[in-house]
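A note on names: the letters A, B, ... follow the listed sequences, proteins ahead of strands, and every chain is numbered from 1.
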Amino acid sequence: DAGVTQSPTHLIKTRGQHVTLRCSPISGHKSVSWYQQVLGQGPQFIFQYYEKEERGRGNFPDRFSARQFPNYSSELNVNALLLGDSALYLCASSSGRMDRGPNTEAFFGQGTRLTVV
Amino acid sequence: AQSVTQLDSHVSVSEGTPVLLRCNYSSSYSPSLFWYVQHPNKGLQLLLKYTSAATLVKGINGFEAEFKKSETSFHLTKPSAHMSDAAEYFCVVRPPLVGGYNKLIFGAGTRLAVHP
């Protein structure tokens, strides 16, 4: 079975532009979460979606938005890009909401490396 | 608030010697704790998890971690390092359910170097 797939793998954008990152979860997984990993730091939680609804949001500005589609894939959108948005963006999928049990594991994709110039 | 502190940003060991990566957590409730590994240009892989069962947790590739509530620690160990263990390691806490969702809180990471 395919793991979590993210596209594109690398991306270069100019300040002020908009970017869309995509994620396909593991087949059968209904929950997708997005994380931002700035160089030299641990990943920071951005969003969690479950059954196409936003279930949680981290401390990120409104320039960041996301959605989940009926097939459970997800998009992360970032508007008005800043240099500080340069990071590795990670998508994680899990079988369900983590409140359904402590053993729900999050599986991560390889990430999209975004560089803003 | 929940948080994790990884006490060493870099650890260097010789192949065949023990590995110790230190992690302290802060949590008002009994947390779920994890260790993830990130190899260059690869995604995060779960090494092991603690979810209030046995305090000594065994993971993949010979790693294990011990949950010590009195010390609020969850240190990662391996008896004998292998060259392939060189990577970035993250200690992670998952706080109890809040508002219908859950999230992972990552430490800053420890870069493990293994020398021949």
Side-chain angles (χ1 to χ4, degrees), chain A residues 2-6 9-10 23-26 30-51 53-60 66 68 87-113, chain B residues 1-10 21 23-25 27 29-54 57 59-60 67 87-111:
Chain A
V4 179
T5 57
Q6 293 187 242
T9 55
H10 294 82
C23 172
S24 293
I26 292 171
K30 298 182 178 180
S31 179
V32 170
S33 298
W34 287 95
Y35 290 80
Q36 180 196 63
Q37 185 178 16
V38 173
L39 194 62
Q41 298 181 18
Q44 300 289 317
F45 173 78
I46 309 176
F47 288 109
Q48 183 188 16
Y49 276 77
Y50 175 76
E51 286 283 16
E53 292 186 12
E54 181 181 309
R55 300 290 182 163
R57 183 185 183 114
N59 188 24
F60 280 81
Q68 187 176 31
L88 179 68
Y89 288 85
L90 295 163
C91 173
S93 83
S94 60
S95 58
R97 275 166 44 180
M98 294 180 186
D99 61 304
R100 294 299 172 88
N103 296 317
T104 303
E105 178 182 343
F107 295 84
F108 284 83
Q110 292 192 4
T112 294
R113 174 75 62 189
Chain B
Q2 325 289 331
S3 66
V4 287
T5 302
Q6 293 185 243
L7 301 175
D8 307 290
S9 59
H10 292 82
L21 305 183
C23 172
N24 286 349
Y25 70 91
S27 176
Y29 305 93
S30 181
S32 295
L33 292 161
F34 308 79
W35 277 96
Y36 278 84
V37 62
Q38 187 175 37
H39 290 275
N41 300 317
K42 292 194 174 182
L44 291 158
Q45 181 184 19
L46 180 65
L47 279 178
L48 50 80
K49 59 186 175 186
Y50 167 77
T51 54
S52 74
V57 182
I60 62 171
F67 174 73
E88 188 86 18
Y89 291 79
F90 293 97
C91 183
V92 180
V93 64
R94 187 177 72 198
L97 172 67
V98 175
Y101 75 98
N102 219 324
K103 67 180 181 181
L104 301 177
I105 299 172
F106 286 77
T110 297
R111 181 164 297 276

**Report entry** Approximate separation, where rounding is to 0.5 Å, of A:Gln110 CD and B:Gln38 CD
**Finding:**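 One finds 10.5 Å between CD of A:Gln110 and CD of B:Gln38.
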Requested in this report: Would you give the length of the straight line joining atom CG of B:Leu104 to atom OH of A:Tyr35, rounded to the nearest 0.5 angstrom?
Outcome: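 One gets 3.5 Å once the value is rounded to the nearest 0.5 Å.
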Query raised in the report: For A:Leu39, what residues pass the side chain to side chain contact (heavy atoms under 4.5 Å, CB included) criterion, not counting sequence neighbours?
Result: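 None.
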Requested in this report: Please report the shortest heavy-atom distance between B:Phe90 and A:Pro43, naming the atom on each side.
Outcome: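 Closest approach of B:Phe90 to A:Pro43, heavy atoms only: CE2-CD, 4.0 Å.
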Query raised in the report: What are the two closest non-hydrogen atoms of A:Ala106 and B:Tyr36, and how far apart are they?
Result: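 So the minimum-distance heavy-atom pair works out to O-OH, 3.2 Å.
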Query raised in the report: Partners of A:Glu51 by salt bridge (charged side-chain N to carboxylate O under 4.0 Å, His left out), sequence neighbours excluded?
Result: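 Listed in chain order: A:Lys30.
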Query - Interface moiety of A:Gln37 toward chain B, non-hydrogen atoms closer than 4.5 Å - result: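 The answer is the side chain of A:Gln37.
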